[in-house]
Amino acid sequence: MALLNVLCYPDPRLHKVAKPVAQVDARIKKIVADMADTMYEAPGVGLAATQVDIHERIVVIDTSDEQNELRVFINPEIIWASPEKKAWREGCLSVPEFYDEVERPAQVRVRALDLDGKEFVIEADGLLAVCLQHELDHLQGKVFVEYLSILKRTRISHKLKKRTKELSGER
């Protein structure tokens, strides 16, 4: 499997809206495998295809401590969200080393396709609910920092742009 390049905020490609997957075929299965390898290597608990510059509705998540319970969501959609909200400290592979509180619905119900192209519905709370909402935001072109104040967002953007320039040898 191949490791994919994770786009870093504020890359404009992170704001592209992902298109539905037409058919779960060998190409999609390869993308899923590469995304899983990339997520585990990072290490992270979730990755949306948008983050690796693939603008199709694909998400991989593994919230297990052992990182051995990969969940695949193709064409996922939230079909219900609880009115109750909960704040979680979130981070993102596309926003390295920055974490902040984001308030989201405490529970969600998501419909998606699995790797065999079969539809399933999952109800989630806790970390899985947060991850699902976070990754589905990516598919809509939204990064978690957009829930933060403009001041925090601007500060993060400037720091990441500066880091990118330093890593590429620019001045």
Side-chain angles (χ1 to χ4, degrees), residues 4-21 28 31-32 34-36 38-40 42-64 69-114 119-161 164:
L4 304 170
N5 182 45
V6 177
L7 299 177
C8 193
Y9 182 82
D11 191 308
R13 294 172 290 180
L14 288 168
H15 298 294
K16 283 187 176 179
V17 176
K19 302 215 178 323
V21 171
I28 296 299
I31 290 170
V32 166
D34 291 346
M35 285 176 60
T38 302
M39 176 187 71
Y40 287 130
V45 295
L47 186 66
T50 301
Q51 292 178 269
V52 291
D53 204 19
I54 297 170
H55 303 283
E56 295 183 76
R57 296 188 59 79
I58 305 168
V59 166
V60 295
I61 292 176
D62 188 339
T63 57
S64 69
E69 295 175 19
L70 181 67
R71 297 173 188 252
V72 176
F73 300 85
I74 299 168
N75 295 339
E77 61 179 317
I78 294 173
I79 56 175
W80 173 83
S82 69
E84 177 194 348
K85 306 276 189 207
K86 183 159 178 154
W88 283 77
R89 187 163 171 79
E90 292 187 28
C92 181
L93 296 179
S94 292
V95 190
E97 299 175 29
F98 289 92
Y99 301 86
D100 214 317
E101 296 280 319
V102 176
E103 187 176 72
R104 298 181 183 274
Q107 297 174 295
V108 292
R109 185 175 305 128
V110 173
R111 178 175 40 229
L113 301 177
D114 64 17
E119 185 177 292
F120 69 95
V121 174
I122 184 172
E123 291 206 20
D125 59 10
L127 181 58
L128 181 57
V130 172
C131 288
L132 281 164
Q133 292 172 82
H134 178 110
E135 302 308 335
L136 269 64
D137 273 354
H138 278 300
L139 299 180
Q140 295 301 322
K142 188 169 185 174
V143 181
F144 92 95
V145 296
E146 293 170 46
Y147 288 98
L148 308 179
S149 71
I150 189 73
L151 178 65
K152 283 184 179 180
R153 220 178 347 194
T154 302
R155 192 177 305 140
I156 290 168
S157 178
H158 287 314
K159 286 181 180 177
L160 289 174
K161 282 180 183 175
T164 301

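All values below were derived from every heavy atom in this structure, side-chain atoms included, with hydrogens, water molecules and symmetry-related copies excluded.
Considering only heavy atoms from C-beta on, Val32 comes within 4.5 Å of Val60 through its side chain. Using a 4.5 Å heavy-atom threshold, the side chains of Arg71 and Leu128 count as touching. Counting heavy atoms from C-beta on, the side chains of Val52 and Val6 come closer than 4.5 Å. Taking the side chain as every heavy atom from C-beta outward, Pro10 and Ile156 never approach each other to under 4.5 Å. Using a 4.5 Å cut-off on side-chain heavy atoms (C-beta onward), Met35 and Leu4 make contact. When side chains are defined from C-beta on, Val21 counts as touching Ile58, because their heavy atoms get closer than 4.5 Å. In this structure, the side chains of Tyr40 and Leu70 come closer than 4.5 Å at one or more pairs of heavy atoms. Proximity of Leu139 to Pro76: side-chain heavy atoms (C-beta onward) are separated by under 4.5 Å at one or more points.
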Practice problem: List the steps and the verdict of side chain to side chain contact (heavy atoms under 4.5 Å, CB included) for Lys152 and Val145. | Solution: CA-CA 8 Å; Lys152 283 184 179 180; Val145 296; over 6 Å; no

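Residue Gln51 holds its CD atom at 13.5 Å from OH of Tyr9, rounded to the nearest 0.5 Å. Rounding to the nearest 0.5 Å places NZ of Lys16 at 6.0 Å from CG of Asp53. Note that CG of Asn75 and CZ of Arg111 are 11.0 Å apart. Values are rounded to the nearest 0.5 Å. Arg13 contributes atom CZ, which lies 11.5 Å from atom CD1 of Ile54 (distance to the nearest 0.5 angstrom).
Between the side chain of Glu56 and the main chain of Ala49, no donor-acceptor pair closer than 3.5 Å is present. The backbone N or O of Arg153 sits nowhere less than 3.5 Å from a side-chain atom of Ser157 that would complete a donor-acceptor pair. Distance alone, capped at 3.5 Å, is enough to place a donor-acceptor pair between the Asp62 side chain and the Glu69 backbone.
Taking both residues in full, the closest heavy atoms of Ser94 and Leu160 are given as O-CD1, 4.5 Å, listed atom of the first, atom of the second, then distance.
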Could you pull out all donor-acceptor pairs under 3.5 Å where a side-chain atom in residues 78-85 meets a protein atom, sequence neighbours excluded?
from	atom 1	to	atom 2	distance (Å)
Ser82	OG	Glu84	O	3.0
Ser82	OG	Ala106	N	3.2
Ser82	OG	Gln107	N	3.1

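Between Arg104 and Glu90 there is a salt bridge, with a side-chain nitrogen of the basic residue lying less than 4.0 Å from a carboxylate oxygen of the acidic one.
Not counting sequence neighbours, the partners of His138 by the ring pair (Phe, Tyr, Trp, His ring centres under 6.0 Å) test are His134.
Cation-pi geometry between Lys142 and Tyr147 is met: the NZ or CZ atom falls under 6.0 Å from the ring centre, inside 45° of the normal.
Residue pairs meeting the ring-ring contact (aromatic ring centres under 6.0 Å, His included) criterion with at least one partner in residues 87-112, sequence neighbours excluded, are absent.
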